[in-house]
Amino acid sequence: MNAADSQWMARALHLAELGLFSTSPNPRVGCVLVKDGALIASGWHERAGQPHAEPLALRAAGDQARGATAYVTLEPCSHHGRTPPCADALIAAGVARVVVAMQDPNPLVAGQGIARLRAAGIAVECGLMEAEARLLNIGFVKRMTQGLPWVRSKIAASLDGRTALANGVSQWITGDAARRDVHVWRARSCAVMTGIDTVLEDDAQLSVRAIPTSRQPLRVVLDSHLRIPTSAKLLTPSPSGGGLGWGSVLIVAAVRDEEKIAALEKLGAEVVVLPDESGRVDVQATLHHLAATACNEVLVEAGSTLNGALLKAGLVDELVLYFAPQLLGDMARGMAQLGELISLDQRVELQWQDVRQVGHDLRIIAQVNKPELSKPERGVV
């Protein structure tokens with residue numbers, strides 16, 4: 001592979017990124033067809049159930065696809081799902097070479113698409129810009145390989161790590177630009193998860209409103225004792241009518257209060273009961289449930305209780321931290337309840353991924369290192 005291959009794959013990755021807000025639960029995939037050093041056609045997967053990137057590019061190329069090189073950001077599928085196998089479409093079109101960024105982690109594919117192409121006499125090369133391709137589909141990869149979604153916790157805080165005053169007042173610590181940026185993370189997520197205390201204190205909608213989007217994330221509330229009021233904003237119908245207008249709502253409880261469950265279901269919410277041994281919501285079981293319902297990325301917008309529970313259980317993959325240029329003092333609320341650490345070996349270690357200024361605030365993206373942890377209590381709220 002050469003510099004030209006990298007150039008065309010970068011173009012395919014850019015196309016795949018166009019599906020950032022819309023492809024879930026499918027992966028984001030782009031395809032570029034090149035012949036004699038010139039672009040013939042391209043395509044990207046926009047929405048589950050609609051054509052994949054490869055058939056769209058082949059349709060646009062027509063007969064010119066014969067003898068071309070296809071640059072694809074994810075291994076072409078080899079199975080019949082909602083759409084026919086993309087590997088078969090490339091074979092039928094007569095492409096001569098396929099360059100793939102990464103193998104598909106989906107067990108239904110997992111190398112079979114590449115094998116099918118090679119069996120048909122097509123030259124296949126895999127691994128070009130694989131890191132970039134994995135990052136683009138980080139949640140899909142984790143769900144397929146671990147049965148869990150990628151968990152991204154967003155926290156807005158003062159420079160001294162405080163998220164609210166002692167009395168709970170937190171609106172607004174960060175500025176308009178940072179809050180708008182949060183809506184971008186919501187839009188790319190399959191689900192936005194919070195705890196009942198945050199709902200009771202802030203009554204947030206947890207919907208995407210600040211940027212255009214054709215898909216709203218599932219909103220998940222962990223509520224052990226079903227304390228959520230039926231008047232909560234996230235349960236109210238949209239202004240245009242027709243039920244919950246800001247996306248579906250899932251309430252995860254630890255008790256089975258049939259009367260309250262019936263009232264919530266009447267409002268359009270779904271309720272599942274997932275208790276742990278202590279009688280609180282089992283957060284790990286909740287994440288497995290979300291993965292089983294095809295959630296790739298989960299954005300946590302919660303208080304210190306849920307953030308702490310997820311971090312202690314080793315369930316947070318990434319932190320998106322917004323720090324405002326202000327100090328709130330040691331009496332204000334912290335970012336995560338981790339309990340008393342008696343050894344530095346118990347600390348949560350991070351790896352910086354990105355640091356930049358957003359408006360007047362500082363945004364830090366960091367992935368969580370995950371050594372073997374002693375298992376703390378998993379329940380919450």
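This one's a predicted model, so the numbers in the text were calculated from it and none came from an experiment. Positions are given from 1 along the sequence.
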S.K.: Are there over 12 heavy-atom neighbours, none belonging to Asp36, within less than 6.0 Å of that residue's CG?
M.R.: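 Not buried by this count: 12 neighbours or fewer within 6.0 Å.
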S.K.: Please check if the side chain of Asn307 supplies one atom and the backbone of Ala302 the other of a donor-acceptor pair under 3.5 Å.
M.R.: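 Yes, the answer is positive, given that a donor and an acceptor are paired below the 3.5 Å cut-off.
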S.K.: Can you see which heavy atom on Ile40 is nearest to which on Ala61, and at what distance?
M.R.: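 What the structure gives for the nearest pair is CG2-CB, 3.6 Å.
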S.K.: Is any side-chain heavy atom of Leu56 closer than 4.5 Å to a side-chain heavy atom of His45?
M.R.: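 They are not in side-chain contact.
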S.K.: Output yes when a side-chain donor or acceptor of Asp160 lies under 3.5 Å from a complementary backbone atom of Leu328, and no otherwise.
M.R.: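 Yes, Asp160 side chain to Leu328 backbone: donor-acceptor pair under 3.5 Å.
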S.K.: If you count heavy atoms of other groups shown closer than 6.0 angstrom to NE2 of His183, is the number above 12?
M.R.: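 Check passes, neighbour count above 12.
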S.K.: What do the steps show when you test Leu117 against Ile91 for side-chain contact (heavy atoms from CB on, under 4.5 Å), and what is the final call?
M.R.: CA-CA 7 Å; Leu117 292 170; Ile91 293 168; 3.8 Å; yes
S.K.: Return all side-chain donor-acceptor pairs below 3.5 angstrom for residues 10-21, not counting sequence neighbours, or 'none' if the list is empty.
M.R.:
none

S.K.: Does any part of the side chain of Val95, heavy atoms only, come nearer than 4.5 Å to the side chain of Leu58, both counted from C-beta?
M.R.: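 In contact.
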S.K.: Quick check against the 3.5 Å criterion: does Ser224 have a side-chain atom that pairs as donor or acceptor with the backbone of Val281?
M.R.: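 Yes: the side chain of Ser224 pairs with the backbone of Val281.
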S.K.: Any side-chain to backbone donor/acceptor pair from Lys154 onto Tyr322? Under 3.5 Å, distance only.
M.R.: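 Absent.
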S.K.: Using a 6.0 Å cut-off, check whether atom CZ of Arg180 has over 12 heavy atoms from anything other than its own residue.
M.R.: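 At most 12 heavy atoms, drawn from other residues, nucleotides or ligands, come within 6.0 Å of this atom.
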S.K.: Kindly check if the number of other-residue, nucleotide or ligand heavy atoms within 6.0 Å of CG (Asp63) is above 12?
M.R.: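 Atom CG in Asp63 is not crowded, with 12 or fewer foreign heavy atoms closer than 6.0 Å.
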S.K.: Mind checking whether Leu350 and Val368 have side chains closer than 4.5 Å, heavy atoms only?
M.R.: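 They are in contact (side-chain heavy atoms under 4.5 Å apart), so the answer is yes.
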S.K.: Side-chain contact test, heavy atoms from C-beta onward, threshold under 4.5 Å: evaluate it for Thr286 versus Met193 and give yes or no.
M.R.: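 Yes, close enough: below the 4.5 Å cut-off.
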S.K.: Counting N and O atoms only, with roles assigned by atom type, does the side chain of Arg116 sit under 3.5 Å from a partner on the main chain of Pro85, one being a donor and the other an acceptor?
M.R.: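 Not at all, since once roles are kept as given, no pair shorter than 3.5 Å links the two residues.
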S.K.: Would you say the side chain of Leu234 lies within less than 4.5 Å of the side chain of Ile228, judging by non-hydrogen atoms?
M.R.: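 Yes, close enough: below the 4.5 Å cut-off.
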S.K.: Start with the C-alpha distance between Glu46 and Ser22, add both sets of side-chain angles, then the distance that settles side-chain hydrogen bond (donor to acceptor under 3.5 Å, both in side chains), and finish with yes or no.
M.R.: CA-CA 6 Å; Glu46 182 175 351; Ser22 61; 5.2 Å; no
S.K.: Between Arg333 and Ser304, does the side-chain contact (heavy atoms from CB on, under 4.5 Å) criterion hold? Intermediate values first, please.
M.R.: CA-CA 8 Å; Arg333 300 182 183 183; Ser304 61; 5.6 Å; no
S.K.: With sequence neighbours excluded, what pairs up with Arg28 under the side-chain hydrogen bond (donor to acceptor under 3.5 Å, both in side chains) test?
M.R.: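 If we apply the side-chain hydrogen bond (donor to acceptor under 3.5 Å, both in side chains) test to Arg28, skipping adjacent residues, the hits are Glu297.
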S.K.: The test is side-chain contact (heavy atoms from CB on, under 4.5 Å); show your working for His289 and Leu250 and say whether it passes.
M.R.: CA-CA 11 Å; His289 174 81; Leu250 173 67; 4.0 Å; yes
S.K.: If only side-chain N and O atoms count, and only distance matters, is there a donor-acceptor pair under 3.5 Å linking Thr213 with Arg186?
M.R.: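 Thr213 and Arg186 do not have a side-chain donor-acceptor pair below 3.5 Å.
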S.K.: So does Ile342 have more than 12 non-hydrogen atoms from other groups sitting under 6.0 Å from CD1?
M.R.: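 No, the 6.0 Å shell around CD1 holds no more than 12 heavy atoms from other groups.
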S.K.: Sub-3.5 Å donor-acceptor pair from the side chain of Glu75 to the main-chain atoms of Cys77, do we have one?
M.R.: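 No: the side chain of Glu75 does not pair with the backbone of Cys77.
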S.K.: Answer yes or no: is there a donor N or O on one side and an acceptor on the other, between the side chain of Asp223 and the main chain of Ile196, under 3.5 Å?
M.R.: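 No; judged by distance alone, with no hydrogens or angles, the pair does not exist.
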S.K.: Should we count CD of Glu258 as having more than 12 external heavy atoms under 6.0 Å?
M.R.: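 Enclosed.
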S.K.: Checking the side chain of Arg162 only, and the main-chain atoms of Ala332 only, is there a donor and an acceptor separated by less than 3.5 Å?
M.R.: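 Here the side-chain-to-backbone pair exists.
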S.K.: If you take all heavy atoms of Glu301 and Val192, which pair is closest and at what distance?
M.R.: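 Here Glu301 and Val192 meet closest at OE2-CG1, 3.8 Å.
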